[in-house]
Amino acid sequence: TLWHDPLVRFWHRLFKMVGWKCGMEVSNLTLTSGKRPDVVRYMPTSNVLTDVRTIAAAHTKYCKMAACIPGHGADWGAGEKNDKWEEEARHQGDTFVPLCHEVGGRLGEPAKDLVDLLARSAGVGPEREAFKTYALQRLRALTFSGVARIILARPPFRTGP
């Protein structure tokens, strides 16, 4: 909740800023699993479902590779999300986009592509660039502040007797 939830709220805000019809934490949207996508873009023929994943670089499943390959943590997180969401979304005619955020501020490729799509919807020329710069700066700032909140919530020393 300290890192994930502010990101979800901001992604929802970005969708609204460009005029997309959208919802956040929508229930009863998946046909069989009962999962709630973090942010949904409603479209006439299908929806775009998203789910935010925060990636702490110390996880034993991908730590070694993340130390060698930039973006490996986000790629791993996207794979995990796709395994859980993609097939069901496809079967009901929707598209799924994993929104992965690494501790250092790096976004996964699908998240970056979605920022580009949002920017194209925001306007032309300088408006696109301004929107994209704003979106990326805020997403990275929310990541850093979320990680800081997590660190402060879990001090490495005893706080009591």
Side-chain angles (χ1 to χ4, degrees), residues 1-57 70-71 73-153:
T1 59
L2 299 173
W3 178 11
H4 174 273
D5 292 356
L7 287 170
V8 170
R9 287 189 296 271
F10 188 69
W11 277 105
H12 183 247
R13 183 173 168 200
L14 289 174
F15 281 36
K16 289 171 59 174
M17 286 174 71
V18 299
W20 288 358
K21 185 177 178 190
C22 59
M24 186 171 64
E25 298 286 344
V26 179
S27 298
N28 301 319
L29 194 61
T30 55
L31 298 175
T32 58
S33 69
K35 294 181 204 161
R36 292 182 309 147
D38 286 328
V39 183
V40 178
R41 177 184 181 191
Y42 299 112
M43 299 176 67
T45 57
S46 66
N47 300 314
V48 177
L49 314 178
T50 70
D51 204 51
V52 171
R53 172 81 187 237
T54 54
I55 312 293
D75 292 342
W76 178 85
E80 291 281 304
K81 286 292 182 185
N82 283 333
D83 289 347
K84 293 178 183 177
W85 284 91
E86 195 171 39
E87 185 176 3
E88 183 173 14
R90 188 178 62 251
H91 285 307
Q92 63 186 45
D94 294 333
T95 304
F96 174 71
V97 179
L99 303 176
C100 296
H101 298 261
E102 291 185 7
V103 166
R106 180 184 295 271
L107 274 72
E109 290 302 319
K112 286 192 268 186
D113 292 344
L114 187 56
V115 169
D116 286 338
L117 181 61
L118 285 158
R120 286 193 300 275
S121 298
V124 294
E127 294 167 337
R128 283 184 184 175
E129 290 306 312
F131 179 88
K132 186 174 178 178
T133 299
Y134 169 74
L136 292 173
Q137 285 177 346
R138 289 287 296 147
L139 289 167
R140 291 180 177 131
L142 285 168
T143 288
F144 282 106
S145 63
V147 171
R149 283 192 295 274
I150 290 171
I151 291 169
L152 293 173

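Note that the structure is predicted; figures quoted are calculated from it, not measured.
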List the atom pairs, donor and acceptor, that lie under 3.5 Å between side-chain atoms in residues 122-130 and the rest of the protein, sequence neighbours left out.
from	atom 1	to	atom 2	distance (Å)
Glu127	OE1	Val124	N	3.1
Arg128	NE	Gly123	O	2.8

All N/O donor-acceptor pairs, side-chain side in residues 142-150, below 3.5 Å, sequence neighbours left out:
from	atom 1	to	atom 2	distance (Å)
Thr143	OG1	Trp3	NE1	3.4
Thr143	OG1	Leu139	O	3.2
Ser145	OG	Ala141	O	3.1
Ser145	OG	Leu142	O	3.2
Arg149	NE	Leu2	O	3.0
Arg149	NH2	Leu2	O	2.8

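Annotation for Asn28: atom CG does not count as buried by contact number, only 12 or fewer foreign heavy atoms lying within 6.0 Å.
Closest approach of Asp51 and Trp85 over heavy atoms only: OD2-NE1, 3.5 Å. Nearest heavy atoms, Phe15 versus Cys22: CB-SG, 3.7 Å. Contact record, Val115 with Lys132: CG1-CG, 3.9 Å, taken as the closest heavy-atom pair. Of all the heavy atoms in Gln92 and Leu31, the pair that sits closest is OE1-N, 3.0 Å. Contact between Ala89 and Leu49 at its shortest, heavy atoms only, is CB-CD1, 4.0 Å. Taking each heavy atom of Ala78 and Pro98 in turn, the nearest pair found is CB-CG, 3.8 Å.
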Candidate pair Val8 and Met24, rule side chain to side chain contact (heavy atoms under 4.5 Å, CB included), full reasoning: CA-CA 8 Å; Val8 170; Met24 186 171 64; 3.7 Å; yes

Residue pair Val48, Asp94: steps toward the side chain to side chain contact (heavy atoms under 4.5 Å, CB included) verdict: CA-CA 6 Å; Val48 177; Asp94 294 333; over 6 Å; no

Pair Thr32-Glu88, side chain to side chain donor-acceptor pair (under 3.5 Å): steps then yes or no: CA-CA 8 Å; Thr32 58; Glu88 183 173 14; 3.0 Å; yes

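Atoms CZ and CZ, from Arg140 and Arg106 in turn, are 8.5 Å apart once rounded to the nearest 0.5 Å. In this structure, the separation between CG on Leu107 and CG on Leu7 is 8.5 Å, given to the nearest 0.5 Å. In this structure, CG in Asp75 is found 7.0 Å from CD in Glu109, a value given to the nearest 0.5 Å. In this structure, the separation between OG1 on Thr30 and CZ on Phe96 is 11.5 Å, given to the nearest 0.5 Å. Interatomic distance, Leu14 CG to Leu117 CG, rounded to the nearest 0.5 Å: 12.0 Å. Rounding to the nearest 0.5 Å places OG1 of Thr50 at 12.0 Å from CZ of Arg41.
The main-chain N or O of Ile55 is never found under 3.5 Å from a side-chain atom of Glu102 such that the two would form a donor-acceptor pair.
Among Arg53, His4, Arg9, the single residue meeting the side-chain hydrogen bond (donor to acceptor under 3.5 Å, both in side chains) criterion with Asp38 is His4. Of the options Lys16, Glu25, His12, a side chain to side chain contact (heavy atoms under 4.5 Å, CB included) to Val39 is made by His12 and by none of the others.
Counting only heavy atoms from C-beta outward, the side chains of Tyr42 and Val26 approach each other to under 4.5 Å.
Under a cutoff of 6.0 Å and an axis angle of 45°, Arg138 and Phe10 form a cation-pi pair.
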